[in-house]
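Accompanying notes for the structure given below.
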Amino acid sequence: MVKVTLVRSLIGTIPAQRATAASLGLRKIGDSITHEDNAVLAGKVKVISHLVKVEKAGE
């Protein structure tokens with residue numbers, strides 16, 4: 001499991017990055033989600049890597 005937290009604002013980002021954050025369920029700074037670690041999640045995190053913090057979550 002991986003915990004992804006939005007740590008920077010989406011203001012000023014390109015629409016594709018905003019859409020990626022929304023698809024992960026991240027709307028405001030401090031929002032967190034926990035997902036299983038897979039290739040789809042890794043690709044989404046790579047697109048917005050400068051806006052999020054990724055941590056291993058306990059199972």
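Here the structure is a predicted model, which means the values were calculated and not measured.
Considering CZ of R18 and OG1 of T13, their distance stands at 4.5 Å, rounded to 0.5 Å. Atoms NE2 and CZ, from H50 and R8 in turn, are 7.0 Å apart once rounded to the nearest 0.5 Å.
Shown here are the side-chain contact (heavy atoms from CB on, under 4.5 Å) partners of I11, two or more places apart in sequence or in another chain: S9. Residues passing the salt bridge (Lys or Arg N to Asp or Glu O under 4.0 Å) test with K53 are E55, sequence neighbours excluded.
Judged as a side-chain hydrogen bond (donor to acceptor under 3.5 Å, both in side chains), the pairs with a partner in residues 30-41 (not counting sequence neighbours) are, in order, T5-S32.
Here V4 is tied into one hydrophobic group with V2, L6, L10, L24, L26, I33, L41, V45, V47, I48, L51, V52, V54, each link being a pair of ILVMFWY side chains closer than 4.5 Å.
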